[in-house]
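Computation of the quantities below employed the complete heavy-atom set of this structure, encompassing side-chain atoms and omitting hydrogens, waters and symmetry-equivalent molecules.
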2 protein chains.
Amino acid sequence: MTTEVQLAMSEQVAAHLRAQILSGTMPPGGRIRQEVVAEQFGTSRLPVREALRMLSAEGLVELEPNKGARVPMLDEHEVSLVYSMRERLEPLALVESIPHLDDDIVEELRIIQSRIEADTELQEFLILDREFHMLTYSGCDSEHLLGTVRRFWNTTQHYRRAFMEVSGPRRMWIVNAEHNLIIDAIERRDPDDAERYLAGHIRRTRIELLRHPEMFGPASTGASR
Amino acid sequence: MTTEVQLAMSEQVAAHLRAQILSGTMPPGGRIRQEVVAEQFGTSRLPVREALRMLSAEGLVELEPNKGARVPMLDEHEVSLVYSMRERLEPLALVESIPHLDDDIVEELRIIQSRIEADTELQEFLILDREFHMLTYSGCDSEHLLGTVRRFWNTTQHYRRAFMEVSGPRRMWIVNAEHNLIIDAIERRDPDDAERYLAGHIRRTRIELLRHPEMFGPASTGASR
DNA sequence: TTGCCTGTTTCTGGATCCATTATGGAGGAG
DNA sequence: CTCCTCCATAATGGATCCAGAAACAGGCAA
């Protein structure tokens with residue numbers, strides 16, 4: 001009796017598309033054809049439709065009636081605003097989370113952070129950075145709060161990558177310094193400091209991001225039409 | 001040439017279910033059977049499934065694989081947390097919105113407010129109160145921000161009603177006073193004051209709400225199992 | 001040449017049928 | 001009498017087929 005859960009087909013499709021979108025294989029503006037995805041998985045179009053609904057709930061695709069699905073493309077103001085939302089919500093998530101974070105988590109955070117500092121590969125950085133922040137929020141037991149935070153990360157994922165591409169390793173040094181401040185505050189169980197550092201971290205990222213308007217050109221990577 | 005849009009069937013079903021849930025006809029914890037809804041609308045189960053996916057994206061139902069849909073039931077802490085999220089996000093929405101609100105909107109706000117003060121019917125109050133706040137955010141052109149705010153209102157809708165039921169008309173007087181402060185701040189185009197009043201409005205509501213833990217009993221209205 | 005109209009094609013939306021999984025009750029063992 | 005097991009039932013998940021809307025290409029007229 002394996003505890004293997006035999007995921008529903010629609011979940012599998014959703015997971016795969018999610019990975020593709022988050023990894024940048026499907027750039028913003030790119031259309032997603034149900035039939036193409038369906039035969040890619042050897043299923044009918046129905047689970048694909050369900051998967052697309054799930055992803056639209058997560059902010060990863062947008063659905064237009066009778067016109068299909070596409071990866072959302074955000075303009076400069078919208079990205080900035082999502083960062084403003086993150087700036088307000090994620091500190092709350094962190095404050096809620098800290099009381100439930102034990103020393104094992106803190107240790108794990110330091111391990112992730114050391115891997116971030118060791119490995120400067122872009123794709124790897126994006127994954128680890130996300131993992132780092134999500135782990136700091138993991139003590140927060142509200143699915144609403146966590147889900148909302150995840151959605152924000154999803155919608156801005158592509159622009160995080162574009163930003164890191166143009167701002168280079170210098171940006172990573174700053175991120176590293178700020179991450180370590182956050183870890184220390186968590187270890188001291190100091191929610192006020194943690195909140196302050198995190199809000200500042202996100203705010204500075206947003207401001208820095210706005211200094212690179214070239215990221216928001218018509219279509220940064222293919223994705224015509 | 002009518003601009004009538006011939007809504008998709010799934011949208012119609014979603015709209016109807018949405019209204020039913022928000023009006024309290026379907027209480028938290030209540031299961032939603034696809035087949036029942038389907039024959040209620042004379043359609044197949046497929047558009048119902050799509051509608052349920054939409055509603056789950058809006059936070060109005062929760063889906064569990066192979067177990068169907070139910071109206072989410074929140075505990076005390078979760079509701080409080082959603083109010084904390086509202087307290088942080090809605091002031092941002094208001095600040096973003098104010099520059100785009102013209103005098104016509106202000107006038108409309110005063111009309112809604114006068115209707116709230118005139119009509120003390122509970123159901124009507126809930127609708128008008130929501131309409132009021134959403135109108136103050138209507139100048140904000142970000143679908144992400146507006147969508148998130150709407151989701152928060154959706155998830156707490158049932159507890160807003162339960163709260164008004166137990167706290168009575170006294171609560172309405174306070175709400176009225178605070179609404180008028182917000183209108184004035186908007187009319188003066190003073191985002192700082194507006195933000196302050198709104199944050200205080202939500203915070204005080206949250207605190208007051210927590211003084212009635214009896215609302216979070218096993219099941220306030222039917223909805224067994 | 002340019003703009004509009006129309007026919008064709010392609011893709012999404014919906015209906016029906018089948019497979020799979022959860023649920024609830026009856027019956028038997030301890 | 002209680003608890004476990006097994007089975008019948010009902011509800012969800014998926015496949016296939018069909019209808020309708022949108023994009024595209026070609027032709028016609030100004």
Side-chain angles (χ1 to χ4, degrees), chain A residues 1-18 20-21 26 29-58 60-73 219 222-225, chain B residues 1-18 20-21 26 29-58 60-73 219 222-225:
Chain A
M1 190 224 273
T2 56
T3 16
E4 192 108 10
V5 212
Q6 180 61 21
L7 281 169
M9 193 55 84
S10 55
E11 306 260 1
Q12 290 183 41
V13 176
H16 213 265
L17 286 178
R18 189 181 297 120
Q20 282 201 312
I21 296 171
M26 289 184 157
R31 281 185 65 172
I32 303 176
R33 261 171 264 269
Q34 297 181 358
E35 201 158 4
V36 174
V37 180
E39 72 183 39
Q40 195 174 348
F41 281 86
T43 71
S44 84
R45 275 173 33 228
L46 208 149
V48 178
R49 276 156 71 174
E50 306 258 329
L52 289 175
R53 293 271 181 212
M54 296 184 211
L55 295 179
S56 90
E58 299 170 26
L60 283 170
V61 305
E62 58 186 4
L63 300 175
E64 215 171 341
N66 289 322
K67 293 184 74 177
R70 60 177 60 245
V71 183
M73 193 157 48
S224 62
R225 185 178 310 264
Chain B
M1 190 226 270
T2 57
T3 17
E4 193 108 7
V5 212
Q6 179 60 21
L7 281 169
M9 193 54 82
S10 55
E11 306 260 0
Q12 290 184 41
V13 176
H16 219 93
L17 287 178
R18 189 181 296 119
Q20 281 201 314
I21 295 171
M26 291 184 155
R31 281 184 67 171
I32 302 175
R33 262 173 263 270
Q34 298 180 359
E35 200 157 3
V36 175
V37 180
E39 73 182 41
Q40 194 174 346
F41 281 87
T43 71
S44 84
R45 276 172 35 227
L46 208 149
V48 178
R49 277 156 71 175
E50 307 258 331
L52 289 174
R53 293 271 182 214
M54 296 184 209
L55 295 179
S56 90
E58 299 170 26
L60 284 170
V61 306
E62 59 187 2
L63 300 175
E64 214 171 340
N66 290 323
K67 292 184 75 175
R70 59 177 61 244
V71 184
M73 193 158 47
S224 61
R225 187 180 308 269

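Among residues two or more places apart in sequence or in another chain, the salt bridge (charged side-chain N to carboxylate O under 4.0 Å, His left out) test is passed with Arg45(B) by none. Residues passing the side-chain contact (heavy atoms from CB on, under 4.5 Å) test with Ser10(B) are Arg53(A), Ala8(B), Pro47(B), Glu50(B), Met54(B), sequence neighbours excluded. Partners of Glu62(B) under the side-chain contact (heavy atoms from CB on, under 4.5 Å) rule, at least two apart in sequence or in another chain, are Arg70(B), Pro72(B). For the salt bridge (charged side-chain N to carboxylate O under 4.0 Å, His left out) test, residues two or more places apart in sequence or in another chain that qualify with Glu58(B) are Arg18(B).
For the pair Phe41(A) CZ and dA15(D) P, the computed distance is 13 Å after rounding to whole Å.
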How would you summarise protein contacts on nucleotides 8-14 of chain C per nucleotide, using B for base, S for sugar-phosphate only and - for none, with heavy-atom distances below 4.0 Å? ---SBBB
Test side-chain contact (heavy atoms from CB on, under 4.5 Å) on Leu46(A) and Arg49(B) and set out the steps. CA-CA 11 Å; Leu46(A) 208 149; Arg49(B) 277 156 71 175; 3.1 Å; yes
